[in-house]
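Bear in mind that the values here come from a model prediction, so they are computed numbers and not experimental data. Quick note: residue numbers are just sequence positions, from 1.
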Amino acid sequence: MDDTPPDHGSGPEEPAAAPASSVTSRRMLMLGAVGASTVVAIRPALAQTTGSVMNCQIPVPGPADAGKYIDRDGNAVPPGPLGAIGGLLGGPYPPPPRPFTGEEVRRALNGGAYLPGTNYSTNSAYLKYINKLKMGQSGYTCFVSVQNPRS
């Protein structure tokens with residue numbers, strides 16, 4: 001009689017299957033690591049977006065209307081004889097010396113301050129112009145971002 005145990009296969013022994021709970025725990029740890037790195041990557045991006053929204057620029061008037069003045073209703077109009085004394089007679093007002101930043105526009109829209117270098121009349125006219133911006137016009141994206149901050 002042969003005392004040799006019967007052969008159940010010639011290949012290497014397969015490892016015993018891990019318990020289901022350890023597989024689940026391992027998978028959760030891996031998912032947690034991926035999730036944490038995603039949060040770390042997104043938060044700086046949101047902070048950068050918020051910062052860029054407040055530093056974006058809104059020209060008044062935009063490049064398409066360069067050289068035009070802004071009337072009291074917020075329309076870009078050709079400079080006329082009233083341009084030199086627009087502040088006295090209600091416009092048209094000359095364009096500001098530089099574009100406004102998103103932060104400046106946000107504060108002015110919220111009633112916290114006038115746009116820099118403006119008085120009541122010019123601030124009102126420039127804000128009306130900004131409120132009339134349409135898609136495709138210079139400053140429109142900045143204006144929409146100021147109205148809908150992501151922070």
Side-chain angles (χ1 to χ4, degrees), residues 12-151:
E13 276 191 37
E14 293 182 16
S21 63
S22 69
V23 172
T24 304
S25 297
R26 193 175 314 131
R27 180 166 282 176
M28 291 304 287
L29 285 172
M30 289 178 4
L31 288 174
V34 170
S37 65
T38 303
V39 169
V40 170
I42 291 174
R43 285 196 181 184
L46 287 176
Q48 184 178 6
T49 301
T50 301
S52 64
V53 164
M54 294 303 126
N55 292 319
C56 63
Q57 296 186 340
I58 302 175
V60 176
D65 291 319
K68 292 187 177 179
Y69 283 34
I70 306 299
D71 70 11
R72 65 177 148 195
D73 296 323
N75 301 308
V77 297
L82 296 178
I85 56 173
L88 297 175
L89 299 176
Y93 305 105
R98 65 169 181 81
F100 299 114
T101 66
E103 177 63 20
E104 292 166 342
V105 171
R106 185 187 61 77
R107 269 188 262 138
L109 287 171
N110 290 335
Y114 287 164
L115 293 167
T118 64
N119 58 31
Y120 177 82
S121 300
T122 53
N123 184 69
S124 176
Y126 294 162
L127 286 177
K128 287 177 183 175
Y129 173 85
I130 291 168
N131 275 308
K132 289 182 178 186
L133 288 174
K134 293 185 176 33
M135 189 179 304
Q137 287 184 290
S138 185
Y140 174 77
T141 303
C142 182
F143 174 57
V144 170
S145 298
V146 166
Q147 291 181 316
N148 301 310
R150 298 174 185 229
S151 57

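If you take CG on Asp73 and OH on Tyr129, they are separated by 14.5 Å, rounding to the nearest 0.5 Å. The CZ atom of Phe143 lies 13.0 Å from the CE atom of Met135; values are rounded to the nearest 0.5 Å. The line from CD1 of Ile130 to CD of Gln147 is 10.5 Å long, rounded to the nearest 0.5 Å.
Listed by chain and residue number, Phe100, Tyr114, Leu115, Thr122, Asn123, Tyr126 satisfy the side chain to side chain contact (heavy atoms under 4.5 Å, CB included) test with Thr118 (two or more places apart in sequence, or in another chain). For Lys132, the side chain to side chain donor-acceptor pair (under 3.5 Å) partners are Asn75, not counting sequence neighbours.
In terms of heavy-atom proximity, Lys68 sits nearest to Pro79 at CA-CD, 4.3 Å. Closest approach of Gly139 to Ile58, counting heavy atoms only: O-CG1, 3.8 Å. Across every non-hydrogen atom of Pro59 and Ser138, the tightest pair is CG-OG, 3.3 Å. Closest approach of Asp71 and Ala125 over heavy atoms only: O-CB, 3.4 Å. Between Val60 and Pro95, the shortest heavy-atom contact is O-CB, 3.4 Å.
Between the side chain of Asn119 and the main chain of Ser121, a donor-acceptor pair closer than 3.5 Å is present. Using a distance-only test at 3.5 Å, with no hydrogens or angles considered, no donor-acceptor pair links the side chain of Ser124 to the main chain of Tyr120.
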